[in-house]
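See below for the structure under consideration.
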Amino acid sequence: MPLPPPQGLYDPALERDACGLGFVADMRRPATHEVVGMGLEILRRLAHRGAAGSDPLSSDGAGILIQIPHAHFERTLAHEGIELPLEGDYGVAQCFLSQDPDARAAEMRVLEEAVRHHNQKVIGWRKVPIDEQQVGPLARDSMPRFKQLFIGRMCPTEIFERTLFMIRKRAGRRASDAGLPSFYIASLSSRTVVYKGLALPERLDSFYLDLTVDETRSKLALVHSRFSTNTFPTWERAHPYRRIAHNGEINTLRGNQTWMAAREPLLASKVFGEHLADFKPIIRPGGSDSASLDNLVDFLVAGGRSLPHVMMMLVPEAWEGQPEMPAERRAFYEYHASLVEPWDGPAALLFTDGKYVGATLDRNGLRPMKYVVTRSGFVVAASELGVVDFEVDDILEKGRLQPGRMLLVDLVRGRIVGDEEAKRQVVAQEPYAQWLADNKLDLAAVPTMEAPAPLSTEWRRRRMRASGYTREDLKMLLAPMATAGEEPVGSMGNDAPLAVLSERPQSLFRYFKQQFAQVTNPPIDPIREKLVMTLTSCVGGEGNLLAETPRQCRLLELTQPVLTSPELAKITGGALQDFPVRVLDMLFEATTSDAGDALERALVHLCAEAERAVDEGATLLVLSDRGADAAHAAIPSLLATSAVHHGLARAGKRMRAGLVVETADVREVADLALLVGYGAGAVNPYLALEIIDALDVDVPREARAKHYVTALGKGLLKVMSKMGISCLSSYQGAQIFEAVGIGRAAVDRWFPGTASPIGGIGLPEIAHEALLRHAVGFDEHVDETGADEDALDVGGTYAWRVGGERHLWSPKTVASLQKAARLHDAASYADYARAINDQGDAPFTLRGCWDLVFAKEPIAIEEVEPVTSIVRRFATGAMSFGSISKEAHENLAIAMNRIGGKSNSGEGGEDEARFLPLPNGDSRRSAIKQVASARFGVTAHYLVNADELQIKIAQGAKPGEGGQLPGHKVDEQIARVRHSVPGVTLISPPPHHDIYSIEDLAQLVFDLKSVNPTARVSVKLVSEKGVGTIAAGVAKAHADAIHIAGHDGGTGASPLSSIQHAGGPWELGLAETHQVLALNGLRDRVRLQVDGQLKTGRDVAFAALLGADEFGFATAPLVASGCVMMRKCHLNTCPVGIATQDPVLRARFQGTPEHVINYLFFVAEELRELMARMGYRTIDSMVGHADRIVPRALNHPKAPTLDFSNVLMRAQAAGGAHAPDRGDLVDTPTDEALLDGARLSLKYGEPTTMQIALTNADRAFGARLAGEVARKYGGAGLPDGTIVVEATGTAGQSFGAFATRGTLLVLEGDANDYVGKGLSGGVLAIRPPARASYKAADNVIVGNTCLYGATAGKAFLAGRAGERFAVRNSGAIAVIEGVGDHACEYMTGGTVVVLGATGRNFAAGMSGGLAYVLDDDQTMASRTNKTTVALDELVAADKETLRALIEEHVAHTRSAQGRSVLSTWARRRFVKVVPHEWRRVLEMRKVG
Amino acid sequence: MGDPKGFLRVPRAEEEERPVGERVLDWREVVVPASEEDVRAQASRCMDCGIPFCHQGCPLANLIPEWNDLAYHGRFDEAARRLLATNNFPEVTGRVCPAPCESSCVLAMRDEPVTIKTIERTLADHARASGFLSPVIAAAITGKRVAVVGSGPAGLAAAQQLARAGHEVVVFERADRIGGLLRYGIPDFKLEKGLLDERVAQMRAEGVVFRMGVSVGLDVRAEQLLHEFDAVALTIGSRAPRDLPIAGRELRGVHFAMEYLTQQNRRVAGDAVDAARAILATGKRVVVIGGGDTGSDCVGTAVRQGAATVTQLELMPKPALVRMPTNPWPEWPLVLRTSSSQEEGADRDWSVSTRAFRGKGGRVAGIEAVRVVLEKGSMKAVPGSELSIPCELVLLAMGFVGPERGGLVDQLGLALDGRGNVRTDASGTTNVPGVFAGGDAARGQSLVVWAIADGRRIATGIEAWLRRPAMARAANA
């Protein structure tokens, strides 16, 4: 079944996938069937990483790639009278063909024609034997016919593979031209063949009968099991592809596709000749990210580069700022950066050409890849350890792939080619360093040219007004950036109208919302993981991607994309040799009666001029609005940039020149991000720079521009990192935005490829708004005698200001709500609700543009479900204890518990005292416990004291970002609850380090359900285009509820640009989620919650009609409790005692539970009245009835252009779903055995010891036990050593997660990712089997992200760990023998001892705890991120502690490394890693 | 906002007043100007609220957080400019405004609000001292003529705005001096009149023509104005006082407050007052009926004139000392206030209804009154609570009922609203094309700050009217 066509808010282009994958290769023996069997075994053991939809027998896809089983083919074809040539002298096309006989015949003819066209021989067709009963009905419905075509070699061997590639391309092109959409070739090679489809991984071989035949032999099996975000997986989307299999997500896909399309016109190849035309588009539209990458890899390999070379150029490791990397290799990467931007992950990639098989990770290394090498000659690489069983003494090495590293197996020579060797061969092919030295242009080296004179004061002011500057912009944006070099921070949500609903002329930038990564791909921390990020890019004209010549790096390198005016002058001044630059005006007639027409003519002219300039040889175009004057208005720079970018691309000329934008309208990060996102290579915000120069601030003028540029750069990194993109070159042109309020026609023409779900304005309105500003700017009557500010508009975007932008929270609404809540005054509530609801012709929100459809015959209000039942669907927002005061936090909890609603702990943990009721019967316990990226206070005890566990993926005010609670807000109590130390800054990372992909989320859901099987698990997402697809994946990951937050949700502290510019309105996200879940048959699996500026019963009515079952309120209950929207939460100065930890201010809190309850009851009562008028008796009966909403006719300059038809489409689904209890998911036999064994300990606290054998399918081992202990014995757990479990084998993910005090889990073997996640007092010991012959300290024993968020307990691990060991540890003590990159990241407490090698970026963002690292070779200094820590000598007390820990390690694990260190104690050198803040706080305590 | 926690460090400091014993001996302002240093400290208390509720309290939309911040940073020049941007006469409001901004200040919720009024006055005085009140000459002359009738705060604000926009403005004032109630209603001890003279001089330089002693309606017919001017702004105030038509009202010694206050202001200004018509409290027992601001002005004036005793009566009950829960912040607090005049020595009594004036030889000798309670919206006498107060002077300060009838209002045929004020739309347009009204004339008796706001508002309305093509204006006219 193909993906459904776009409908409503669903767009098939947004589908995502993820998975488990692996390969096995035999380096020693000839091809065997055993290898195929081992491949299938890997598939079976990774089944939990894949997914199934609503039909349990149809998987999301599974597949295997093997070498051509010549013996098997030869024999079976012989039966049919076909004689095969020798092995290697024929190719096999594995075809998916139509079920329709006529179409199928046509498809076969097409392929045969292509074979003949390329002068090869059609040997014959073979029907691939299958057992279709092995797949479910869903898969059968969409199943193609499987046939193989055998093609005889009629050309030299060395060009046969390329010829087969060309045949495949030609056939694909012809089939598409002939209207044969189902034609697909899974593989066509003389070496490999792919068997893939929608069979469950464990049934793939019973489906494809070839795979079970003994004569099916191979030296290689590469397998993949898929997890997709929909329930319409298609056969061809299963992996492996022809060259690669992929786990993860290509974050940069949109940019990569755009640039690849733009490069096509410049492609030329001798080997392809005129056939090149058959290949275009190189990247087949509609393919997944993996398929797209496969297309390009396939093409470039066929074009002549080696497979490792292609992987290195497309997925380069982080090479900038890596001094230890060989210069030649850096030059290779730098050179190739001028050919192609990175295809950035998160990606674990397997690749093969049948002779080599390899694996590589992208620069971030966020997907796991482990490998085992045996004495018997096998290499197994897979997402997890333990996927193939080997005898312990056969194992030579167990390792993991590190970020950016490559593992290559040469099947022909039977050897492993290491990362160093493989890359050394590739980088030595050409003198790349010399080429760069001869050609690359460095701006710093260009002589200074005369910059344009600064604008006069008068002219500056005119341009400020014409660009829409306000006093607020100066004060809130430019001044902080110029003084502090940081992006300004604000708080609370955005309650001003959407740009398209504002009557004030809006900058075009404001119509675009940044998109961000959630669930299917992680955001990055651009501060703590700066080493993978870069703002460097090259501008200029590019060449032919298929060639490598010195001239191709004749580009201008910029270290960041903001140019000061003197820098731009260097570029335009003519000093760059061989680098012609052309400046083009982006202006349009200001004095015209038809502004839209004038603007359109100007754009068309500009695009034509740009083309002509390129034709005339310009390699750099500068679009400039410097020439604006009374008669000429600036074209909005975003519009001009995108128009030229796409115009040139359409003409096939885009890659011949770079784009620089010189503009007055860029002032903040979001503006810059948009210009770069729509194609600009660099931006000169000349007016902002001049304003800053004239600003009255206490910073030297020369420092200001530097600060401003720095702040823009930091902000841009943040915007990129929100999408998980590391390199500016990958972000450039990637258009990671959605438009809210721009019409389809304008988008298609000027911003093609941008989602614009509700349409909106076109060029006439854009031109009109530009001219309104322009008119103010060039108004002769303005008094310009005062300061710059005096002539500017007040603004009022960021906060309510008299005479400024409208806000829903105004003096009137705040005052009347507070009066209503305090006095239980219905009349005041009515005043409040009227002010919010009756938006008239001045709407704020999308729902403000709509009316409810009332019934002709309303029902009596008595028939509507009572208020007391409605409020049970209400929840308060996730606000951490820390962001708000104890008083305010507990007040909300008590209120919600009294009415049966749910309060949300937020991400700051919760004081255990609150789990018990108060004497008066009130409860301060938050029903919803949040599990956020920092895992503060997330212990087993915390988890079992919840009715709902909410995984916070994103937050409306700053989706894709982390946060930070500054040390001065961390008092004794907060520190205790968060398991840290008072005064120490606490950082929340942008991603969950155990969720980089959808199957990871499924794992976390599994972990949480294991600890607390009775709580439902919800996942909080933020509205953006595509959120419905993500939600479908989340539903398939067995979450019980999905929360959709609007972009306008509140915050205690966020960058202003995030509050304003990221995420979408909840109306869109909710409607899309409901529609897509319904389309996938998943709607009844989950309940939907929504929040984002919900204020009244009418708001709730719209939310229910769009699909929500439950409703969240955050700001309004705070206002009811006394909040007056100070928007000072980030300053800790809240005068009403809410968003502050200052005891003096907290004492001012005046809210009571009654205030909150009064408010919510008023909301529910208002809703009831509306329900009665609409004829609904229950909320369940109205959920999803979007057809009961109609847009209102509005007398408004822009709002009538909106088209809500896709939003208000009623999806075919049962509303009011009640999620089935999926606690049964975690009822695994292993856990049952464990609980049974520990029965007496649980009941009476008696000591127990038991033995158990584990495999990698035993996930979250110990978590259920942890939950039981916590439930029974609370946070204190049992006495140490009460329950001892002696396990053997390879444990699955999350071994020992949340283990509580009193449990000792000893594992002889190894374990996968997330060992000791959330460790809550238990002790873990993992050691290699006694018979193991490999050296433990050199081999991997646990995977990535171990001890994430651990709060207490110990872990002794006799071997190495993967990346991010002890990330966010806040109390556990661990001894380990080697760690990967980013160990001890964000750590706030506990002690980590490393007795071996460490990776890069050790201790990034670490603010508490200690690490002792063996540093015999004294290299720790270079591998430590010293922003927050120092490296110290050990003092006597340290040595004592350390020695004792190592002794304990040896006792638990018999560690050879530990014994060796102890026996050579005097000679060993350790360093102590101490966070600055930790030291300061401890010293203060000593003094105190 | 310079100091987010300033309000925790710096307590509110009210502006200082001269000692009572000293100030009642003269007519100069009671308030001692604050030092700029003190004002900086006070300004640091402003929190630059996300929602500045002070804005809601201020009809002028004064940019309070902005100039507080500038003042805190010692940038008085810019602060003063920012103040002048929304307020034509901050030196007036900084002295006489009851400062609703302060009662709606977020700090007023449970602390003491920012001393916005003191800061305003200080900035205004800084502006005067620094020459910022130099004339603002219109960039271009439009050739349009506008008549402004009445020179109170509404008329002056409208006139100044229109003159600066380049129109030719003529202000007609019935009295001999400019200023309306500012000139003759408010005593000098609250607002020294030299401030008005400065403004008049500034406005003259800006091109405003003042015609004093001209009563439009009598000396100039309304039709003539319509003929000679492109637009007319009526800012004639709400001058008809509320009377107390009870027995003995005709007795000598019973006067409207405005008669009394005007006379004293003339004396302070150096005018000779006819001894026969003089109303003086010297040595008398004085009863002031009415507990509002005008009543207070009467109290302060009587004290300064040397009254033997001053009693001030209010019909309504005595307000609470603190806010009632039903009157929460940021609503205007209905609490007991004591003016500087009341501090100077007045017996105040509440819930008192005056029933008759007792006379002796044609002069008032006392009043007869009774205590009342509010029941179902009307005042009921409390049986047996009768009281009498001997006095020789009674001043009626019970408010105003609307613009004076007859004359101009009738000549123009202006429609009135239910309360007897001129009916206008939001831009100040009346039912007569080209005629605009604002201030107390349209709003009813109110604050100076509202008058200034209205004056600016109708100036904007007139601007829009004048920008319409002549044909359209003529068609409407």
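Reminder, nothing fancy here: chain letters follow the sequence lines and each chain counts from 1. Fair warning: this is a prediction, and the values are worked out from it, not measured in the lab.
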Region of [X] that comes under 4.5 Å of a non-hydrogen atom in chain B:
{"X": "A:Arg1148", "result": "both"}
{"X": "A:Val1124", "result": "both"}
{"X": "A:Ser810", "result": "backbone"}
{"X": "A:Asp825", "result": "neither"}

Problem set entry | B:Thr86 and B:Asn62 side chains, donor-acceptor separation under 3.5 Å | yes
So, [X] and [Y], do they make that salt bridge, N to O below 4.0 Å?
{"X": "A:Asp779", "Y": "A:Arg461", "result": "no"}
{"X": "A:Lys475", "Y": "B:Asp48", "result": "yes"}
{"X": "B:Arg323", "Y": "B:Glu331", "result": "no"}

Problem set entry | Heavy-atom pairs under 4.5 Å with chain A, option from B:Ala85, B:Pro52, B:Ala139, B:Pro328 with the top count | B:Pro52
For this session: Counting only heavy atoms closer than 4.5 Å, note whether B:Arg164 contacts chain A via side chain, backbone, both or neither.
Result: neither
Problem set entry | Region of B:Ala61 that comes under 4.5 Å of a non-hydrogen atom in chain A | both
For this session: May I ask you to test the A:Arg1127-A:Tyr798 pair for a side-chain heavy-atom distance under 4.5 Å?
Result: no
Exercise. A:Met1126, A:Met492, A:Gln1150: which one forms the most heavy-atom pairs within less than 4.5 Å of chain B?
Worked result: A:Met1126
For this session: Against chain B, work out which of A:Val1144, A:Val1136, A:Leu1145, A:Val794 has the most heavy-atom pairs shorter than 4.5 Å and name it.
Result: A:Leu1145
Exercise. Ring pair (Phe, Tyr, Trp, His ring centres under 6.0 Å) between A:Trp459 and A:Phe778: does it pass, once the steps are laid out?
Worked result: CA-CA 9 Å; A:Trp459 206 249; A:Phe778 290 91; 5.5 Å; yes
For this session: Walk me through it: do A:Phe1162 and A:Tyr1159 pass the test ring pair (Phe, Tyr, Trp, His ring centres under 6.0 Å)?
Result: CA-CA 5 Å; A:Phe1162 281 133; A:Tyr1159 163 65; 8.3 Å; no
